[in-house]
Undergrad: 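Let me begin by handing over the structure; questions about it come next.
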Protein chains: 2
Amino acid sequence: MTVSSLEPTTLKAGFHALSDTLRLQILELLRSQEYCVCDLCNLLEVSQSKLSFHLKTLKDANLIQSRQEGRWMYYSLNLAQFALLEQYLADYRRFTTLRPATPCENP
Amino acid sequence: MTVSSLEPTTLKAGFHALSDTLRLQILELLRSQEYCVCDLCNLLEVSQSKLSFHLKTLKDANLIQSRQEGRWMYYSLNLAQFALLEQYLADYRRFTTLRPATPCENP
DNA sequence: CCTACCTATCAAGTTTTCTTGATAGGTTTA
DNA sequence: TAAACCTATCAAGAAAACTTGATAGGTAGG
């Protein structure tokens with residue numbers, strides 16, 4: 001998947017998922033290792049229901065993935081999606097021309 | 001400013017600003033040049049009030065900057081802030097260890 | 001001055017997102 | 001199979017974000 005093929009909806013979902021403090025904390029934790037929901041609940045001191053809601057947001061945005069093992073559900077980062085969003089931002093730096101405005105035609 | 005010094009509030013505001021279709025369209029337009037508000041209104045076919053609201057969101061997130069010239073207000077990209085958010089995402093790719101979970105201690 | 005113009009802000013209403021407590025599905029253990 | 005456990009989902013309420021129309025401030029031109 002290339003950056004040029006990025007749907008606006010993909011960007012919207014991805015950046016929205018990143019725009020919440022708790023979700024950023026979840027991602028920070030997952031940087032070191034996989035965690036199951038109950039571990040994340042304990043580490044972040046939030047309710048299981050709340051955590052599931054935010055994990056779903058992150059998963060829908062494709063930023064994390066899940067793997068079931070017995071009754072546990074383990075979550076981990078999907079770095080490919082991070083790279084995609086990173087590339088989108090990088091293209092601003094690479095392919096932007098900071099031209100001054102052509103004077104507005106209004107009176 | 002380094003990535004490690006990024007406040008969660010900076011990230012939150014930045015990614016939130018990027019999580020809206022109209023705001024992404026504004027940013028795309030500003031890639032080619034500065035624009036005044038009335039030009040953006042015409043190009044995007046949205047009300048002036050609505051546009052001001054979203055421009056404020058982008059400016060509060062430091063993704064754009066403004067410059068007054070007579071009665072016109074010109075907006076342009078602040079690429080430094082794009083680079084900051086890009087770097088934050090890049091660090092996930094660079095400094096993440098995808099360790100499998102240590103088995104959950106629960107019964 | 002007085003008017004026209006560009007833009008920001010405000011208040012009120014609407015929509016979206018988030019939180020909370022309860023419930024249900026699926027898995028393991030006894 | 002019964003009970004305990006982990007997690008996802010649901011419904012209802014709360015909070016945040018967005019939209020809309022109106023207004024006000026500042027600038028330029030007549």
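The figures that follow rest on heavy atoms only: side chains count, while hydrogens, waters and symmetry mates do not. In what follows, chains are A, B, ... by sequence order, proteins preceding strands, each numbered from 1.
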Undergrad: CD1 of Ile64(A) versus C1' of dT7(D): gap in Å, rounded?
TA: 13 Å
Undergrad: Please check this pair: side chain of Arg67(B) against backbone of Ser76(B), looking for a donor-acceptor N/O pair closer than 3.5 Å.
TA: no
Undergrad: May I ask you to verify if any side-chain N or O of Tyr75(A) is less than 4.0 angstrom from the OP1 or OP2 atom of dA8(D)?
TA: yes
Undergrad: Roughly, in whole Å, what's the span from OH in Tyr35(A) to C1' in dT7(D)?
TA: 19 Å
Undergrad: In whole angstroms, how far is the P atom of dT27(C) from the CD atom of Glu69(A)?
TA: 14 Å
Undergrad: Less than 4.0 angstrom between a side-chain N/O of His54(B) and OP1 or OP2 of dT19(D), yes or no?
TA: yes
Undergrad: On the nucleotide dT16(C), are OP1 or OP2 found under 4.0 Å from the side-chain N or O atoms that His16(B) carries?
TA: no
Undergrad: Closer to the 5' end of DNA chain D via nearest nucleotide, is it Ser49(B) or Thr57(B)?
TA: Thr57(B)
Undergrad: To the nearest Å, how far apart are Met73(A) CE and dT27(C) C1'?
TA: 11 Å
Undergrad: Distance check: side-chain N/O of Lys50(A) vs OP1/OP2 of dC18(C), anything under 4.0 Å?
TA: no
Undergrad: For the side chain of Glu69(A) and the backbone of Arg71(A), is there at least one donor-acceptor N/O pair under 3.5 Å apart?
TA: no
Undergrad: Closest to the Arg23(A) side chain: dC18(C), dA8(D), dC6(C)?
TA: dC18(C)
Undergrad: Please confirm whether the shortest side-chain N or O distance from Arg71(B) to OP1 or OP2 of dA4(C) is below 4.0 Å.
TA: no
